[in-house]
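Contents: one structure, followed by commentary.
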Amino acid sequence: MNAKPLDVGQLVPPFLPDNLVNWEAGSPDWAKTLVIANWRIETVSKAGTFREAEQALDHFQEMGVNGVWLNPVFQHAADAPFYPCGDRMVRNGYYQEDPSLLCADLGTEKDYEEFIKQAHKRNIRVFLDAIPHGVSKVSRLVSEHPDWFKKDENGELIGTWSMLDFDFERSEECRQWYIQTTVDWILKFGLDGIRCDVEPFVSGPERIWREVRRRCENAGRKIVLFSEHPSDERGAFDFEQIGVGNVPGDYAADSRNYYMEHNIAEATRSGSGLSGGGRHRLYTFAVSDHDSADYTVKGSLLRFGYQAIFAPLIPLFHIGEEWNNDKAGSGALYCREIRWEELQLQENRTFFEAVKKLMWIRRSYPEIFQFFPEDHRQVNLAAVPSDGPMQAYARYKGKTAILIVPNPSDGERDVTCRIPWPDIGIEPGKSYMLTDLIHGESRTLEGDYFTLKVAPDALGVIKLEPMYAEGAD
């Protein structure tokens, strides 16, 4: 590792205003650059306020994250249940009072606006967590607009999760109010997009989200919308929260270490584990999110790097994965206390710096790692033959390839790989240089094979490039 800690934020693309943002296959061009962290304002600091949350922005800027998905910031309902968070109790933010109101416990509207401005100064995009299914039974909206809500055959108001559900199908007034309320959040606070809770199963993408996007675009805003569940409605949603391994009818809280259990090269080419059979452009790998029962990475560079950071996907993870926050905790991550002091422990700090090195590599080669063709199955990933116990793979562009060599073993291992020349579109027979991007060591490639020593439960990252520029002697 470098003696001086890496500041990966220097490599993150700059935040640009919408008039300088281009559309790429229906999404803002910055969507392909995203690495997203999911967290709550309530649990990220003891105070649980927007003002105190700025330390998290500094942390993610250092790491090279440029998207934060905040769990709901709407006004908590008076009857919202509490859950333990360390030595505190926090409310369930999904149990909302009114989606037009900011939660006063988190701060003022001015505080929220300043938080978003501070994120943008750090080149970080902010996503609102919208809850379109309904509100608490004690919400003022229920008494003022009972016709906005679903009813059973006896005319009784009904809903899910002890709440009452909006009836967007029968109430045009409710539908228009909800659409404009959502658009107003984006325009008023300068938000960059929305994570749509439970969608596409609540409102349907045609009924709400295409119109939200259209109105934002008419106002000059180019936003990203992502659904919780798999969706083929890419005109409404840019991608889904859990892009890999989330099978309809078998809800997954995250991507379940999918590529540790399935061959990543074969799955990518076939579209296995992806909504729409892999025919869409953008997908995420959700290492974890607030619904996850526990952290996934648990100190494994292999799990983090192989599946998310270097795979042809948008990495998404819950805060704390990057330094092993509270690995002895229990319960969903939604209420897990974020213990910043644990980041200063030597073992955790070392791991965080190692994760940053992987992020530094991803950010250093955007032409390779931010390549998203309109059909994901055509992405620049090729199998690398090796004598290791797990599939090695290459990401490539032009005359450069980066080879990802995994070692799932408990001990250090020498892994011998063969360069798959035709599959990465590089001509053999010339002089090539191999550079170990983890350790900074270079050597000349001799023949078609190389051997790399890889640490346990980790991965090697090798850059293959010509030794001489084109036309040089």
Side-chain angles (χ1 to χ4, degrees), residues 1-15 30 32-37 39 44 54-68 118-125 285 287 295 297-311 313-325 338-370 395 400 402-407 434-442 452-455 457-463 465:
M1 299 297 298
N2 291 349
K4 182 179 180 180
L6 290 170
D7 181 2
V8 191
Q10 297 176 11
L11 301 177
V12 173
F15 176 90
W30 51 261
K32 67 185 179 185
T33 77
L34 284 171
V35 175
I36 302 174
W39 43 287
V44 81
E54 193 170 314
Q55 67 171 327
L57 294 177
D58 291 336
H59 167 76
F60 286 120
Q61 179 186 30
E62 176 188 351
M63 184 182 170
V65 166
N66 68 333
V68 295
Q118 290 299 323
H120 291 168
K121 285 182 179 179
R122 294 162 173 80
N123 300 318
I124 296 173
R125 302 274 177 175
F285 190 94
V287 177
Y295 286 111
V297 172
K298 298 182 183 297
S300 170
L301 285 177
L302 178 60
R303 291 193 194 105
F304 213 162
Y306 183 87
Q307 302 182 110
I309 295 177
F310 295 129
L313 306 154
I314 295 171
L316 186 155
F317 64 96
H318 194 273
I319 182 173
E321 291 280 15
E322 68 276 24
W323 81 78
N324 295 318
N325 176 70
I338 305 305
R339 300 180 178 177
W340 292 101
E341 66 274 14
E342 292 188 357
L343 176 56
Q344 305 311 319
L345 298 176
Q346 183 61 49
E347 179 183 6
N348 291 350
R349 190 73 204 183
T350 299
F351 181 71
F352 178 54
E353 292 298 328
V355 169
K356 283 167 55 182
K357 173 58 74 75
L358 303 188
M359 284 289 293
W360 176 83
I361 296 169
R362 179 186 176 99
R363 291 298 188 191
S364 295
Y365 300 94
E367 70 282 0
I368 289 178
F369 293 110
Q370 293 173 191
R395 305 291 308 279
T400 300
I402 295 180
L403 287 68
I404 311 302
V405 184
N407 176 18
L434 297 175
T435 301
D436 184 332
L437 295 177
I438 299 292
H439 301 100
E441 301 167 351
S442 297
L452 180 67
K453 191 177 293 295
V454 185
D457 196 26
L459 66 170
V461 185
I462 294 291
K463 179 173 69 170
E465 61 184 341

I need the [X] [atom1] to [Y] [atom2] distance, nearest 0.5 Å.
{"X": "His439", "Y": "Ile462", "atom1": "NE2", "atom2": "CD1", "answer": "9.5 Å"}
{"X": "Tyr365", "Y": "Arg395", "atom1": "OH", "atom2": "CZ", "answer": "14.0 Å"}
{"X": "Lys453", "Y": "Asn407", "atom1": "NZ", "atom2": "CG", "answer": "10.5 Å"}
{"X": "Glu342", "Y": "Asn348", "atom1": "CD", "atom2": "CG", "answer": "6.5 Å"}
{"X": "Phe352", "Y": "Gln344", "atom1": "CZ", "atom2": "CD", "answer": "9.5 Å"}
{"X": "Leu316", "Y": "Glu321", "atom1": "CG", "atom2": "CD", "answer": "10.5 Å"}

Going through the distances and angles, do Leu434 and Ser442 end up as a side-chain contact (heavy atoms from CB on, under 4.5 Å)?
-> CA-CA 6 Å; Leu434 297 175; Ser442 297; over 6 Å; no
Would you say that [X] contacts [Y] through its side chain, given a criterion of any heavy-atom pair below 4.5 Å between the two side chains?
{"X": "Phe60", "Y": "Glu322", "answer": "yes"}
{"X": "Val8", "Y": "Met63", "answer": "no"}
{"X": "Leu437", "Y": "Ile402", "answer": "yes"}
{"X": "Asn123", "Y": "Gln61", "answer": "no"}
{"X": "Ile438", "Y": "Leu459", "answer": "no"}
{"X": "Val461", "Y": "Leu403", "answer": "no"}
{"X": "Thr435", "Y": "Glu465", "answer": "yes"}

Residue pair [X] / [Y], side-chain donor-acceptor N/O under 3.5 Å:
{"X": "Gln307", "Y": "Arg303", "result": "no"}
{"X": "Asn325", "Y": "Tyr295", "result": "yes"}
{"X": "Thr33", "Y": "Asn66", "result": "yes"}

Run the numbers on Glu341 and Arg339 for salt bridge (Lys or Arg N to Asp or Glu O under 4.0 Å), then give the verdict.
-> CA-CA 5 Å; Glu341 66 274 14; Arg339 300 180 178 177; 5.0 Å; no
Quick one: do Leu301 and Phe351 satisfy side-chain contact (heavy atoms from CB on, under 4.5 Å)? Show the steps, please.
-> CA-CA 8 Å; Leu301 285 177; Phe351 181 71; 3.6 Å; yes
Quiz item: cation-pi between Arg349 and Trp323, 6.0 Å / 45° | no
Is it true that a side-chain atom of Trp340 and a backbone atom of Val44 form a donor plus acceptor pair closer than 3.5 Å?
-> yes
Short question: side chain of Lys32, backbone of Gln370 - any donor-acceptor pair under 3.5 Å?
-> no
Ring center gap for Phe304 and Phe317 short of 6.0 angstrom | yes
Are the aromatic rings of His59 and Trp39 close, with centres under 6.0 Å apart?
-> no
What do the steps show when you test Ile309 against Met359 for side-chain contact (heavy atoms from CB on, under 4.5 Å), and what is the final call?
-> CA-CA 7 Å; Ile309 295 177; Met359 284 289 293; 4.2 Å; yes
Give me the atom names and distance for the closest heavy-atom approach of [X] to [Y].
{"X": "Arg362", "Y": "Pro315", "result": "NH2-CD, 3.5 Å"}
{"X": "Asp457", "Y": "Ser300", "result": "OD1-OG, 2.9 Å"}
{"X": "Pro406", "Y": "Leu302", "result": "CB-CD1, 3.5 Å"}

Are Arg363 and Phe369 close enough, and set up right, to give a side-chain contact (heavy atoms from CB on, under 4.5 Å), and what steps lead you there?
-> CA-CA 8 Å; Arg363 291 298 188 191; Phe369 293 110; over 6 Å; no
